[in-house]
Amino acid sequence: MDQPHHGGDRLWAAQVAGCEPEAILDFSANINPLGAPAWVKDFLRQNLHLITHYPDPHYRQLRQEIGAFHHLEPAWVWVGNGAAHLLTWLGRDLATTGTVTLVTPAFGDHWRALKAFGAHIQTWGLPWAQKEITLPQSGGGLLLSNPHNPTGYLFPKDQLHALLNTWELVVIDESFMDFLPPQREQSLISLLPEFPNLVILRSLTKFYGLAGLRLGYVLAHPEKIRQYRQWDAPWSVNGLVAALGGQLLRDREFQQRTWEWLTVHYPPFYQGLAVIPGLAPYPSAANFILVKTALPAPELQRRLLVNHRILIRDTLSYPELGAGYFRVAVRLAGENQRLLNALGSEGIAPE
Ligand SMILES: Cc1ncc(COP(=O)(O)O)c(C=O)c1O
């Protein structure tokens, strides 16, 4: 089986570890460890009748609910089978701008979407270890994730706001922004009405633990949404998820619980990583942590799988990072401790 390019490939991990996929403790995919809200399974059971029918091709109700959540009209919303699906059309839009500046290291799907349409790509390496970061001030298209995957760096809203007057098209992938509580988030959504050159991508798969069910959306000026809809295939969001989406966004209790979990469990996990000889984690605003490692990450990954049935994300698919780093999701306290114990037992620091 090929080495995975994304996190969460439990089949590959199970083969290396010599166990069932269910036995793998997965730190490689950045999914909420609280799982999907408890009521979701009942909701799906009760709505199974929907699978016989085509969903509404306009997704009127879902777009209305997403729009209401963000104080936007439905015309500013389009939905997709996960953020990755919608990235395809954002890649097409960006490719028309001449040169696209991609902030690197970049999520692999950013590359895919741009290359699919022959975009002329120029990379801009994020100096994530520095305190003060200045982005290029002008250009054609700009694509970045905020919080940034895989570094966890959070661009302040004001800094991105300042770019909107000088870039032709700015696409911000906010797939992890919902993990930040309202007082810390740096979303640009409130700027949409002022800037028709701003496009924001959101995912519900990570925060709501629905990576297998899939739902994402794009927020942009109605002209852009009209264009993306013309490019898109019909019915790409299935009827069950279309019915579910609005209820997820209204589940304030689950949102609160997730923010509390991350606020409580991130600091001891980060500290635990920082004190292991040979490891250096970078501070992250999101639910994952990038870690520099003295032991090449593929070897560390193999040892953790074989000896502990734990899967971490190597960064081989990010050319700027290579074998010197790995990324881990923040999970539940006991699970985080299991990883820390396993890392501590592997003798990572050079003699
Ligand atoms: C930055 C970023 N955007 C988008 C996605 C894809 O999200 P979805 O599961 O909604 O397709 C990921 C998945 O890891 C991601 O890291």
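Computed from a predicted structure; not experimentally measured. Order of appearance sets the numbers: ligands from 1, and atoms from 1 within every ligand. Numbers for residues simply follow the sequence, beginning at 1.
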Self-check item: Salt bridge R302-E299, side-chain N to carboxylate O under 4.0 Å
Solution: yes

Practice problem: May I ask you to decide whether R229 forms a salt bridge with D232, counting only side-chain N to carboxylate O separations under 4.0 Å? | Solution: no

Quiz item: Do L248 and L210 pass the side-chain contact (heavy atoms from CB on, under 4.5 Å) test, and can you show the C-alpha distance, the side-chain angles, and the key distance before you say yes or no?
Solution: CA-CA 11 Å; L248 291 170; L210 298 170; 3.4 Å; yes

Practice problem: Compute the shortest N/O to N/O distance between A83 and ligand 1 and return yes if it is under 3.5 Å, no if not. | Solution: yes

Quiz item: Do F176 and F288 have ring centres separated by under 6.0 Å?
Solution: yes

Quiz item: Taking atom CD of E194 as the centre, does the number of heavy atoms from other residues, nucleotides or ligands within less than 6.0 Å exceed 12?
Solution: yes

Quiz item: Within the structure, does H85 bring an N/O atom to less than 3.5 angstrom of an N/O atom in ligand 1?
Solution: no

Exercise. Among all protein heavy atoms, pick the one closest to atom 9 (O) of ligand 1 and tell me residue, atom and distance.
Key: T205 OG1, 2.8 Å

Exercise. Return the residue, atom name and 0.1 Å-rounded distance of the protein heavy atom closest to atom 7 (O) of ligand 1.
Key: K206 CE, 3.4 Å

Exercise. Would you indicate which of H148, H110, R202, R214 comes nearest to atom 11 (O) of ligand 1 when only heavy atoms are counted?
Key: R214

Practice problem: Check ligand 1 against G82 and write out every atom of the ligand that is under 4.0 Å from a heavy-atom position of the residue. | Solution: 10 (O), 11 (O)

Quiz item: If we only count N/O pairs under 3.5 Å, is L215 in contact with ligand 1?
Solution: no

Quiz item: Is there any N or O on N149 that sits under 3.5 Å from an N or O of ligand 1?
Solution: yes

Quiz item: Which distance, rounded to the nearest 0.5 Å, do you find between the CG of L290 and the OG of S284?
Solution: 9.0 Å

Self-check item: Atoms in ligand 1 with a heavy atom of D173 nearer than 4.0 Å
Solution: 1 (C), 2 (C), 3 (N), 4 (C)

Practice problem: Number the atoms of ligand 1 from 1 as they appear, then name those within less than 4.0 Å of a heavy atom of S203, with their elements. | Solution: 7 (O), 8 (P), 10 (O)

Quiz item: Are the charged groups of E223 and R226 less than 4.0 angstrom apart, N to O?
Solution: yes

